[in-house]
Colleague: 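Sending over a structure as C-alpha cells; questions will come in a sec.
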Amino acid sequence: MAKPKIRIATTSLAGCFGCHMALLDIDERLLELVELAELDRSPLTDLKRCTACELGIVEGGVGNAENVHVLRELRRSCKKLVAIGACAINGNVPALRNRFDLGDCLEEVFVTGLGVTDPKVPGDPELPLLLDKVHPIHEVVKVDYFIPGCPPSADTIWAVLTALIEGNEPVLPDALIRYD
Ligand code: SF4
C-alpha cells in the first residue's frame with residue numbers, strides 16, 4: 001500500500017520568492033515530490049489558511065505585522081519548521097533597511113526618491129503595519145532546521161526535504177552548504 005503523503009506548507013514573508021524558485025529548480029524531481037507530499041498553504045497553491053502539516057518551510061525575514069501572523073500560524077500548524085534561505089535565517093536583503101530609521105526609509109521611497117510622481121507615504125489601513133526592523137524568523141518562533149544560501153541550491157533543498165519526509169535528520173555534505 002502506498003505511504004500516506006505528508007502535508008507541507010510554505011510561505012514567503014519578506015523575501016523575493018527566489019527560494020521558492022530554487023525549490024521548483026528540483027525539476028523532474030517535482031514528480032517524485034508530489035508522490036511523497038501534498039501542499040497546504042503555499043504561494044504555489046494560493047491557499048490562505050494553514051491546516052495541520054508535518055512540515056512548514058519559510059522564506060524571507062519578518063518585516064511587518066502580517067509576516068508575524070503568518071509565521072505564527074505556520075509554527076502552530078506544522079510539526080517541523082524550516083527556515084529556507086538567508087533572509088529567513090539572518091534578515092539578509094530586507095534587513096538592509098535596519099541601519100536606517102523606518103520613517104527615513106519611507107520618506108526616501110515614497111516622497112523624495114527618484115521618479116516619485118505622487119509624493120505621499122501610503123496610509124491605507126489595509127496595508128500591514130511595518131516593523132521598525134526586519135527580523136530573522138528564529139527571533140519570532142522556534143525554528144527546527146535551517147537551509148542557508150541565497151538561495152540554497154535545488155540539490156540542497158531536495159536533500160533536506162527528502163530526509164525530513166522520510167523521517168530522518170538531514171545531514172548535508174559540505175558541497176551542499178553555502179552562505180552566499
Ligand atoms: Fe530571495 Fe535570497 Fe532572500 Fe531567498 S535568501 S528570499 S533568494 S534574497
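Just follow the structure's listing: the first ligand is 1, and inside any ligand the first atom is 1. Side chains are part of it too, since the values below use all heavy atoms of this structure and drop only hydrogens, waters and symmetry mates.
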Colleague: Got a second to check how far His69's NE2 is from Glu66's CD, nearest 0.5 Å?
Modeller: 7.5 Å
Colleague: Where the side chain of Arg75 meets the backbone of Val70, is there a donor-acceptor pair that is under 3.5 Å apart?
Modeller: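 Answer holds: no.
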Colleague: Using a strict cut-off of 4.0 Å, indicate which atoms of ligand 1 neighbour a heavy atom of Gly15.
Modeller: 6 (S)
Colleague: Starting from atom 3 (Fe) of ligand 1, which protein heavy atom do you reach first, and at what distance in Å?
Modeller: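 So the nearest neighbour among protein heavy atoms is Cys87 SG, 2.3 Å.
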Colleague: Check whether the side chains of Thr156 and Ser153 place a donor and an acceptor atom closer than 3.5 Å, and report yes or no.
Modeller: yes
Colleague: For ligand 1, which atoms have a heavy atom of Ala86 less than 4.0 angstrom away?
Modeller: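 Numbered from 1, ligand 1 contributes 5 (S).
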Colleague: What is the nearest protein non-hydrogen atom to atom 4 (Fe) of ligand 1, stated with its residue, atom name and distance?
Modeller: Cys19 SG, 2.4 Å
Colleague: Which ligand 1 atoms are under 4.0 Å away from a heavy-atom of Glu59?
Modeller: 6 (S)
Colleague: As a check for students: among Ser12, Pro152, Cys16, identify the option with a heavy atom nearest to atom 6 (S) of ligand 1.
Modeller: Cys16
Colleague: Heavy-atom contacts under 4.0 Å between Asn92 and ligand 1: side chain, backbone, both, or neither?
Modeller: side chain
Colleague: Salt bridge between Glu35 and Lys5, side-chain N to carboxylate O under 4.0 Å?
Modeller: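 Result for this pair is no, no salt bridge flagged.
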Colleague: So which heavy atom in the protein is nearest atom 2 (Fe) of ligand 1, and how far is it from that ligand atom?
Modeller: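 Minimum-distance protein heavy atom for atom 2 (Fe) of ligand 1 reads Cys150 SG, 2.4 Å.
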Colleague: Just checking, any donor-acceptor pair under 3.5 angstrom between side chains of Thr10 and His20?
Modeller: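 Indeed, the side chains of Thr10 and His20 share at least one donor-acceptor pair under 3.5 Å.
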